[in-house]
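Letters A, B, ... mirror the listed sequences (proteins, then strands); counts begin at 1. As the structure is a prediction and not an experimental result, all values here were calculated from the model.
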Number of protein chains: 2
Amino acid sequence: MSIGPKQALYAEFASVARALGSQHRLEILEHLAQGERGVEALAERVGLTIANASQHLQQLRRAGLVASRRDGKFVLYRLADEAVLGLMAALSDVAQRNLAEVDRIRRHYFDDRDSMEPVSREELLARTRDGLVTVLDVRPPDEFAVGHLPGAVNIPLSELESRLAELDPDHEIVAYCRGPWCVLSFEAVAALRARGFRVRRLEDGLPEWRAAGLPVENA
Amino acid sequence: MSIGPKQALYAEFASVARALGSQHRLEILEHLAQGERGVEALAERVGLTIANASQHLQQLRRAGLVASRRDGKFVLYRLADEAVLGLMAALSDVAQRNLAEVDRIRRHYFDDRDSMEPVSREELLARTRDGLVTVLDVRPPDEFAVGHLPGAVNIPLSELESRLAELDPDHEIVAYCRGPWCVLSFEAVAALRARGFRVRRLEDGLPEWRAAGLPVENA
DNA sequence: ATATCATTCAAGATAATAATTGAATATAAT
DNA sequence: ATTATATTCAATTATTATCTTGAATGATAT
């Protein structure tokens with residue numbers, strides 16, 4: 001049945017789609033969008049055994065979604081391409097538009113914590129020039145270290161309650177994390193609002209900021 | 001393992017990706033991008049039994065990729081959304097960039113028949129205003145009937161050899177068909193060049209023309 | 001060389017998906 | 001009402017994907 005070049009191409013395209021067709025692999029891709037990562041770190045964060053994570057990574061590699069390099073005894077994986085992020089965005093866009101369940105989850109969880117419009121990247125750029133805004137990165141420190149918004153303060157969500165003193169109550173805060181579906185910034189917004197801070201979320205997360213060609217610091 | 005809202009969302013996104021993860025379903029989507037179609041017509045064109053095509057269509061519907069309506073005793077399917085076309089474009093983009101096999105097929109088949117740059121939609125629009133170009137739709141007549149480029153001539157590829165007289169040899173010809181992976185326009189270009197016609201392909205196909213907001217005729 | 005650590009491979013159990021067949025609905029025509 | 005047609009459902013079998021476990025590879029450090 002797979003005669004014809006069109007059929008052969010569609011078979012290839014389908015193999016890419018199948019590689020995206022797993023909750024775990026999508027989550028792995030979200031983490032890789034932050035920057036390079038080893039197998040063990042990914043396995044732990046996604047909640048897989050190392051052997052299993054390794055197999056998922058190889059499926060992603062065969063599908064051309066990730067690439068890898070060896071660094072000493074570690075193997076570091078990364079997204080193959082900026083286009084991969086675009087593909088994931090297109091996927092979530094279609095799912096959001098057409099699957100009622102997605103809408104239900106969004107309203108029930110996300111809108112509950114922050115129903116405000118997120119701050120656009122352009123708006124944040126303009127406001128940081130005035131210096132009256134604190135950019136807050138609530139991801140774990142190792143992800144912050146690989147790359148973050150210029151001038152951002154890193155307080156991981158888990159430490160937020162105990163480090164409130166580091167935040168200037170007179171500044172508006174703009175919080176961000178891994179991307180549009182990362183819960184960290186939503187939790188941070190809810191927690192900080194309850195403490196009286198003026199805080200909004202940045203649209204999307206670091207990978208999308210970087211993909212937009214905006215500057216990233218990795219000191 | 002699927003606690004958390006992020007996991008729940010990714011599970012939904014993955015279900016959309018799995019629906020795209022089949023050669024046959026991608027081909028069905030290509031046909032639906034031309035316009036509404038019944039189950040039997042789709043089954044025949046994609047080379048599936050009717051029952052099987054019906055099941056694939058329902059997977060696509062569950063994934064929010066297609067919608068359907070009943071018209072008398074026929075059930076007509078269509079793409080759920082313009083965003084679906086964008087998702088397929090993103091999918092083929094990633095596959096083209098990162099899978100060597102895709103490149104091999106393209107060079108071996110497509111570039112062999114037409115290694116020239118395709119005509120962009122903008123260029124075609126400009127040239128049709130001068131009236132010196134014949135726009136040639138080489139899809140089957142029923143697809144042409146559902147929608148085609150303004151002023152296009154419909155000669156299905158299968159009848160091209162016998163209807164060469166209808167083409168003015170002084171006009172440049174711009175041929176198009178279903179989309180970037182449809183072989184019809186490539187075959188048409190190769191056949192017409194061999195006959196001495198000046199002919200190029202339009203970039204992509206009718207669905208992308210429509211998605212760009214350009215006018216479509218369906219007389 | 002040997003030991004150690006990170007990663008991958010291989011084998012097997014379980015679950016999900018695909019295609020086929022024949023029966024069941026739902027609408028239209030007689 | 002009955003018949004015909006289009007589509008869907010249900011049951012079956014074959015194929016493919018997932019996860020687990022334990023062993024094998026590759027690179028570094030002792």
When you look at A:Gln7 and B:Glu27, which way does the side-chain hydrogen bond (donor to acceptor under 3.5 Å, both in side chains) test go after all the steps?
CA-CA 8 Å; A:Gln7 282 73 17; B:Glu27 215 178 331; 3.0 Å; yes
Assess whether salt bridge (charged side-chain N to carboxylate O under 4.0 Å, His left out) is satisfied between B:Arg121 and B:Asp204, documenting all intermediate values.
CA-CA 9 Å; B:Arg121 289 180 281 272; B:Asp204 303 326; 3.1 Å; yes
Quick one: do A:Glu143 and A:Arg45 satisfy salt bridge (charged side-chain N to carboxylate O under 4.0 Å, His left out)? Show the steps, please.
CA-CA 12 Å; A:Glu143 298 181 26; A:Arg45 276 186 160 74; 2.9 Å; yes
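A donor-acceptor contact shorter than 3.5 Å links the side chain of B:His148 to the backbone of B:Phe144. In this structure a side-chain-to-backbone donor-acceptor pair under 3.5 Å is missing from A:Arg18 to A:Leu20. One N or O on the side chain of B:Asn98 and one on the backbone of A:Gly64 form a donor-acceptor pair closer than 3.5 Å. In this structure, the side chain of B:Asn154 engages the main chain of B:Asp137 through a donor-acceptor pair within 3.5 Å. In terms of modelled atom types and a separation under 3.5 Å, the side chain of B:Ser54 and the main chain of B:Ile50 share no donor-acceptor contact. Panel note: side chain B:Arg113, backbone B:Glu187; no donor-acceptor pair is recorded below 3.5 Å.
A perpendicular orientation is assigned to the rings of B:Tyr10 and B:Phe13, their planes being inclined by more than 60° (bins at 30° and 60°).
Rounded to whole Å, the distance from CD on A:Gln58 to P on C:dT8 is 5 Å. Protein atom CD of A:Glu40 is 14 Å distant from nucleotide atom C1' of C:dT4, rounded to whole Å.
Considering all non-hydrogen atoms of both residues, A:Val174 and A:Arg201 come closest at CG1-C, 4.2 Å. Of all the heavy atoms in A:Trp181 and A:Phe110, the pair that sits closest is O-CZ, 4.1 Å.
With a heavy-atom cut-off of 4.0 Å to chain A, the contacted part of DNA chain D has its first and last nucleotide at D:dA17 to D:dT28.
Interface residues of residues 67-81 of chain B facing DNA chain C, ordered by number: B:Arg70, B:Gly72, B:Lys73; criterion, heavy-atom separation under 4.0 Å. Scanning residues 28-37 of chain B for heavy-atom distances under 4.0 Å to DNA chain D yields an empty list.
Heavy-atom contacts from other residues, nucleotides or ligands closer than 6.0 Å to CD of B:Glu44 number 12 or fewer.
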What would the secondary structure line of DNA chain D be in dot-bracket form, counting Watson-Crick and G-U wobble pairs under 3.5 Å, with [ ] for pairs that cross earlier ones and | for pairs with another strand?
||||||||||||||||||||||||||||||
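An OP1 or OP2 oxygen of C:dT7 is reached within less than 4.0 angstrom by no side-chain nitrogen or oxygen of A:Ser54.
Using a 3.5 Å distance cut-off with no hydrogens or angles, the side chains of A:Ser68 and A:Arg78 do not pair a donor with an acceptor.
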The contact string for nucleotides 13-25 of chain C, one letter per nucleotide 5' to 3', using protein heavy atoms under 4.0 Å with B, S and - for base, sugar-phosphate only and none, comes out as ----SSSBB----
Show me the donor-acceptor pairs, under 3.5 Å and distance only, between side chains in residues 33-43 of chain B and residues at least two apart or in other chains.
| residue | atom | partner | partner atom | Å |
| --- | --- | --- | --- | --- |
| B:Gln34 | OE1 | B:Arg139 | NH1 | 2.8 |
| B:Gln34 | NE2 | B:Glu30 | O | 3.0 |
| B:Gln34 | NE2 | B:Arg178 | O | 3.0 |
| B:Glu36 | OE1 | B:Arg69 | NH2 | 2.9 |
| B:Glu36 | OE2 | B:Arg69 | NE | 2.6 |
| B:Arg37 | NH2 | B:Asp142 | OD2 | 3.1 |

